[in-house]
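Along the sequence shown, residues carry numbers from 1.
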Amino acid sequence: MVEINGKGVCGGVAFGPICFYRRGQADTSRYTVADAQAEVQRFEAAKGKAVAQLGALYEKALQEVGEEGAMLFQTHQLMLEDLDYCESITGMITDESVNAEYAVQQAADTFADMFAQMDDAYMQARAADVRDVSTRVLGILTGSEGGGIHSDIPVIVAADDLAPSETVQLDKSKILGFITQGGSANSHTAILARTMGIPAVIGAGDALQEAYDGKQAVIDGSAGQAFIEPDAETSARLHKKQDEERGQKALLDQLKGQPNVTKDGQEVMLYANIGSPADLDAVLANDAGGIGLFRSEFLYLESSDYPDEETLFQAYRTVAEKMGGKRVIIRTLDIGADKQAAYFNLPHEENPAMGLRALRICLTRPEIFKTQLRALYRASAFGKVAIMLPMVTSVWEVQESKKLAEEVRAELRAEGVAFAEDVELGIMIETPAAAMISDRLAQEVDFFSVGTNDLTQYTLAVDRQNDTLGRFFDPHHPALLRLLKLTADNAHKHGIWMGICGELGADLDLTETFLSIGVDELSVSPSRILPLRKKVRETEVSGIREGVLAGIMA
């Protein structure tokens, strides 16, 4: 038996043979060309064919997974048309008289490395997208297109990592699980695994060898382990775990449609966090009561230029319609700090986490903000849309945002464009300043939602991107819990509700604390909805509230 350790990104146990994903091999060796202009034209022709192929993939994905999942291939078409990417290739061909294959490979490496070195996990995952579109062009240039898994029976798919176009072309009925050498929690392999609800282990490194192709294996997605040709004891242990997990899932499924109410009658809203419309199927499958955080910046991060109003509107409308009247809280763009889009041309800053970011960009560049607000209000005609402002520190920021929102509504009325008149406006509590003046802010808005990741960072003065400071980043710190209680008290005093949309909301060790404080809503990853509902329904707040509150203030 061989044991392989990685990182689990989707729980569950899967038994079956290993099957490595096979790709065509493109020769990208460098050589000198006599006619550089003809070589540029060869690249342009290959790019045009790749764009057409991506259009066909979009149509295929549209039928299989809907518009949300298919949008990725439109994004890939935009990547291939990106001026910086294309000019780096044509410039190298022209300046150095090199072949197109070599130039494409060099551009792919440069741009992928740039994304991989960013602090934001979402942007790091875009490195795979760049390699994916470049591999497609290389396959056309060299005639080495094609790839896949070759098996007549269900298998555990193994790979270095899988690109989005590769995942969409897989026969889903033959996938028992995934194991990859690389990848991240935001890679397309991980996203597909979570969407399908099958076990997945990433980051196995060189321990995952092609020599294991065809061998029997078992992967444990929750432990992040794989065993090649497992012995009898390991097989028995993991079969037992598989049966237990299936039983637990069946019990959780029985909670679908049940109210989020404690034993003594305290109700809490359980919503889901999403990064794009592609996450909606998981939201509905896990019976979320609404969307507590829609990170709208994905439309900006995946674009090579400012998305126009219509592009924004279509994405927001899709989510609003699919949620069928349930509340959808859309956060206005949160660009800056660790989420950079080159075309924003933000100045270099020594401390970007405290610099020009989020609402500060919106108020500094109101034309960008108003375009997004117009799209948001237009989408409100198709569902229960709420708007949430990030990175608030002062009352005047909210008041100025409300003024711009009223200007947008007046413009839409004058144009005869439909929108809902009762759109809620809320803010994120992410800074100690916002928490400390939450009594004043509560008089300006309809709800609060606490972003615990940033609130912890700013309260404890610990950079959350710095792995070496892990033990200093304490989301259970009493200072943070006191700020949460203060915020909840001030919200309720002024008749508005308070939620938590940071990762801490899914921490079952703190559920009783949040309920005792009076948190009205918890917004978490879709897969955490049912376990959280179970915890809520098992809790009796009246018997613990006094002790919990005393512990926070002690």
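More than 12 non-hydrogen atoms from other residues, nucleotides or ligands lie less than 6.0 angstrom from NZ of Lys256. Around the CG atom of Asp35, the shell of radius 6.0 Å holds more than 12 heavy atoms that belong to other residues, nucleotides or ligands. The number of heavy atoms from other shown groups lying within 6.0 Å of NZ (Lys241) is above 12. Taking a 6.0 Å sphere around NZ of Lys174, one finds it holds more than 12 heavy atoms contributed by other residues, nucleotides or ligands.
Asn286 places no side-chain N or O within donor-acceptor distance of the main-chain N or O of Ala288, the cut-off being under 3.5 Å. Checked by atom type and distance alone, the side chain of Glu430 pairs as donor or acceptor with a backbone atom of Met391 at under 3.5 Å. A donor-acceptor pair under 3.5 Å links the side-chain atoms of Thr110 to the main chain of Gln106, judged by distance alone. Remark: the backbone N or O of Ile153 is paired with a side-chain donor or acceptor of Ser151 at under 3.5 angstrom. Of the possible polar contacts, none joining the Asn99 side chain to the Glu39 backbone as a donor-acceptor pair under 3.5 Å is found.
Residues Arg533 and Asp287 are paired through a salt bridge, judged by an N-O separation under 4.0 Å between the basic side chain and the carboxylate. Ion pairing of Lys535 with Asp509 is absent here, as no side-chain N (NZ or NE/NH1/NH2) approaches a carboxylate O to less than 4.0 Å. The residues Glu44 and Lys49 are annotated as not salt-bridged, no charged nitrogen and carboxylate oxygen being separated by less than 4.0 angstrom. Between Arg30 and Glu101 no salt bridge is recorded (no basic side-chain N to carboxylate O distance below 4.0 Å). Taking a cutoff of 4.0 Å between a charged side-chain nitrogen and a carboxylate oxygen, Glu245 and Lys240 do not qualify as a salt bridge.
Of all the heavy atoms in Leu504 and His476, the pair that sits closest is CD1-CD2, 4.3 Å. Scanning all heavy atoms of the two residues, the minimum distance from Ala46 to Val137 falls at CB-CG1, 4.1 Å. Considering all non-hydrogen atoms of both residues, Pro526 and Asn273 come closest at CD-O, 3.7 Å. When every heavy atom of Tyr212 is checked against every heavy atom of Val2, the shortest pair comes out as OH-CG1, 3.5 Å. Here the closest non-hydrogen pair linking Phe294 and Ile330 is CD2-CG1, 3.7 Å. Of all non-hydrogen atoms in Leu208 and Ala158, the two that sit nearest each other are CD2-CB, 4.2 Å.
Ring pair Tyr58/His76: centre-to-centre distance not below 6.0 Å.
For Thr135 and Asp132, the side-chain atoms include no donor-acceptor pair closer than 3.5 Å. When only modelled atom types and interatomic distance are considered, Gln225 and Asn5 share a side-chain donor-acceptor pair under 3.5 Å. The closest side-chain donor-acceptor pair between Asp113 and Gln117, if any, does not fall under 3.5 angstrom. There is a side-chain donor-acceptor pair under 3.5 Å between Asp454 and Gln457. Looking only at atom types and distance, the side chain of Asp27 has no donor-acceptor partner in the side chain of Thr142 under 3.5 Å away.
With values rounded to the nearest 0.5 angstrom, Ile202 atom CD1 is found 12.5 Å from Phe178 atom CZ. Atom CG in Leu141 sits 11.0 Å away from atom OG1 in Thr28 (nearest 0.5 Å). Once rounded to the nearest 0.5 Å, the distance linking CG of Leu54 with CZ of Arg136 reads 5.0 Å. For the atom pair Ile18 CD1 and Ile228 CD1, the distance stands at 4.5 Å (nearest 0.5 Å). Between the CE atom in Met428 and the OG1 atom in Thr332 there is a gap of 10.0 Å [rounded to 0.5 Å].
Using the six-membered ring where Trp is involved, Tyr85 and Phe111 have ring planes that are perpendicular, over 60° apart on the 30 and 60° scheme.
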**OP:** Take Asp279 and Arg295 through the test salt bridge (Lys or Arg N to Asp or Glu O under 4.0 Å) and record every step on the way to the result.
**Re:** CA-CA 11 Å; Asp279 299 327; Arg295 302 178 181 92; over 6 Å; no
Subject >> Residue pair Leu460, Phe472: steps toward the side chain to side chain contact (heavy atoms under 4.5 Å, CB included) verdict >> reply: CA-CA 8 Å; Leu460 302 183; Phe472 298 99; over 6 Å; no
Subject >> Audit row: Ser222, Asp220, side chain to side chain donor-acceptor pair (under 3.5 Å) steps and yes/no >> reply: CA-CA 6 Å; Ser222 56; Asp220 182 349; 2.9 Å; yes
Original post:
Does the pair Met1 and Glu229 meet the rule for a side chain to side chain contact (heavy atoms under 4.5 Å, CB included), with working shown?
Top reply: CA-CA 5 Å; Met1 180 177 75; Glu229 297 186 325; 5.7 Å; no
